[in-house]
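Note sheet for the following structure.
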2 protein chains.
Amino acid sequence: MLLAPREGALHVLVDKPLRGSAHLPWVSPRGGETLPTSARLLARRTAGAEPGWMEQLQAFGDQLKHPGSASVSVAYVGVISAPAADGRTARGAAWVPVAHAGLAGRHAAILESALDTMRVRLDHAPVAFKLLPPTFTLSELQRMYELLLGWTLHKASFRRSLQAAYLVEPTDEWRSEGRGRPAQLYRFAPRKRRQSRRGVRFDVLGH
Amino acid sequence: MLLAPREGALHVLVDKPLRGSAHLPWVSPRGGETLPTSARLLARRTAGAEPGWMEQLQAFGDQLKHPGSASVSVAYVGVISAPAADGRTARGAAWVPVAHAGLAGRHAAILESALDTMRVRLDHAPVAFKLLPPTFTLSELQRMYELLLGWTLHKASFRRSLQAAYLVEPTDEWRSEGRGRPAQLYRFAPRKRRQSRRGVRFDVLGH
DNA sequence: GCAATTAGTAGCCAACTGAAACTAAAGTCA
DNA sequence: TGACTTTAGTTTCAGTTGGCTACTAATTGC
């Protein structure tokens, strides 16, 4: 499943057949390919670009047909940066906003769970950074996070925790975007720091 | 991969062949079984009991042999409560402490990653509660968390966040364990509450 | 009665977080 | 030129969280 931030909304790449409902792109891997390679090839073929970040989601066991020969689908999520996603997509494939994906029941559930997983991974992998150019303004970074998360963040808090984590460093360049004060450009430059052992977060054990 | 808290330490169930190094139990599913069913059957066969909690970890693509026929291994983690794990294990299978599992390189890496994943899920699924009897003392609950996490927690903080999350409710029973003050028994009774939208946790984006 | 042991609570302090209000630097337009 | 708008970035404050120490409570063993 491929996601891309386009025109201020998160989009998902779907296959729209001439008749029948939309579904997610899939492929049956050829011999000699590893799973991640297959997924990347599928991305390149359907979206015309390689994802900036990609991770395995889950394996689904379809009906197993013969003893010993299991039929398993392995789902991946990938995210493609906006400019790369503007390349040409495969015939029949189209970017649609995740809010109006119009997928059938099962595929809609996969999409929901994929979004949840991607949002959790956002805390652990530099997904947002891979979707931005090498240097970016902090407002761009925040807008990217908000787009991926689907909700808004507070500017001061966002910058404070970013500062505290030593993830970015300022360059000496500034960018003027027309109106408003020019913004300083930053680059992703994480510095190692010891991970503190947190307690248990009972509050997210939601039901 | 099956885990169980036994004698104050987290144990993992390994297959110990007569010669060669230990490895994790595995199975090639029969026709007509779904993936979770296969995993539960494997658990019952090797550990003699069903896990109280089980989730899919990851799929590994081994070398794909023929076009169209992919060979994929799907890894699961499960956790079995202490009494259930004391049943009879399959021939050649044995519970060993995770700290001294003595697995070969690739399997050792899988174990490490499985533990990490399980510890993250601990915040999101009632893993610890499924490993305890229906009623339990708060000290038992804390010890279970510490055992699964592998580090100690602070009593007061633990109880405070547990209280704030409305996850347990007190019964009117008390248990005396020999020496010391008797402990009140609690039961797992999560009450719904709206999930607040947290900001971004840059601090866990470790490298 | 008194020490030892385990359960449970109170309160302090530092760190974190959300919100609002502020300053700063640019463009727009009369 | 100078008020107004827009975006960037900082400061401050108050409320919450989380780790820690120190306390009280109830039981057994001697």
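Both backbone and side-chain heavy atoms feed into the values below; hydrogens, waters and symmetry mates do not. Letters A, B, ... mirror the listed sequences (proteins, then strands); counts begin at 1.
In the displayed structure, Arg44(B) atom CZ is contacted under 6.0 Å by at most 12 heavy atoms of other residues, nucleotides or ligands.
If you check residues 171-183 of chain B against DNA chain C, the residues with a heavy atom closer than 4.0 Å are Arg179(B), Gly180(B), Arg181(B), Pro182(B), Ala183(B), listed by number.
Between the C1' atom of dT10(D) and the CG atom of Leu138(A) lies a distance of 13 Å, rounded to the nearest Å. At whole-Å resolution of the value, CD in Gln184(A) and P in dG9(D) are 7 Å apart. Here the P atom of nucleotide dT17(C) and the CZ atom of Arg159(A) are 17 Å apart, to the nearest Å. With rounding to whole Å, Phe158(A) atom CZ is found 19 Å from dT11(D) atom C1'. Spacing between atom OH of Tyr186(B) and atom P of dA7(C) amounts to 12 Å, rounded to whole angstrom units. Atom-to-atom, NZ of Lys155(A) to P of dA21(C) comes out at 14 Å; the value is rounded to the nearest Å. The CG atom of Leu141(A) sits 16 Å away from the C1' atom of dT7(D) (whole-angstrom rounding). Taking atom CG of residue Leu185(A) and atom C1' of nucleotide dG9(D), one finds them 14 Å apart after rounding to whole Å.
Annotated stems with DNA chain D as a participant read C:1-30 with D:1-30, given as range with range, by first number; only runs of 3 or more Watson-Crick or G-U pairs under 3.5 Å qualify.
Within the 4.0 angstrom heavy-atom criterion, only backbone atoms of the sugar-phosphate kind lie near Ser139(B); the bases stay farther away.
At least one side-chain heavy atom of Leu115(A) sits less than 4.5 Å from a side-chain heavy atom of Leu10(A). Within the 4.5 Å cutoff, the side chain of Gln58(B) has no heavy atoms near those of the Ser73(B) side chain. Two residues are said to be in side-chain contact when any heavy atoms from C-beta on lie closer than 4.5 Å; Lys16(B) and Val96(B) meet this criterion. The shortest distance between side-chain heavy atoms of Leu131(B) and Trp53(B) does not fall below 4.5 Å. In this structure, the side chains of Tyr76(B) and Leu35(B) come closer than 4.5 Å at one or more pairs of heavy atoms.
Screening Phe136(B), Phe129(B), Tyr166(B) for a ring pair (Phe, Tyr, Trp, His ring centres under 6.0 Å) involving Phe188(B) leaves a single residue, Phe129(B). With Glu50(A) as reference, Arg40(A) is the one residue of Arg40(A), Arg45(A), Lys130(A) to meet the salt bridge (Lys or Arg N to Asp or Glu O under 4.0 Å) rule.
Using cut-offs of 30° and 60° for the angle between ring planes, the Tyr145(B) and Phe202(A) rings count as perpendicular.
Here the nucleotide nearest the side chain of Arg160(A), chosen from dA8(D), dT17(C), dG8(C), is dT17(C). When distances are taken from the side chain of Ala156(A) to each of dT10(D), dT21(D), dG8(C), the shortest belongs to dT10(D).
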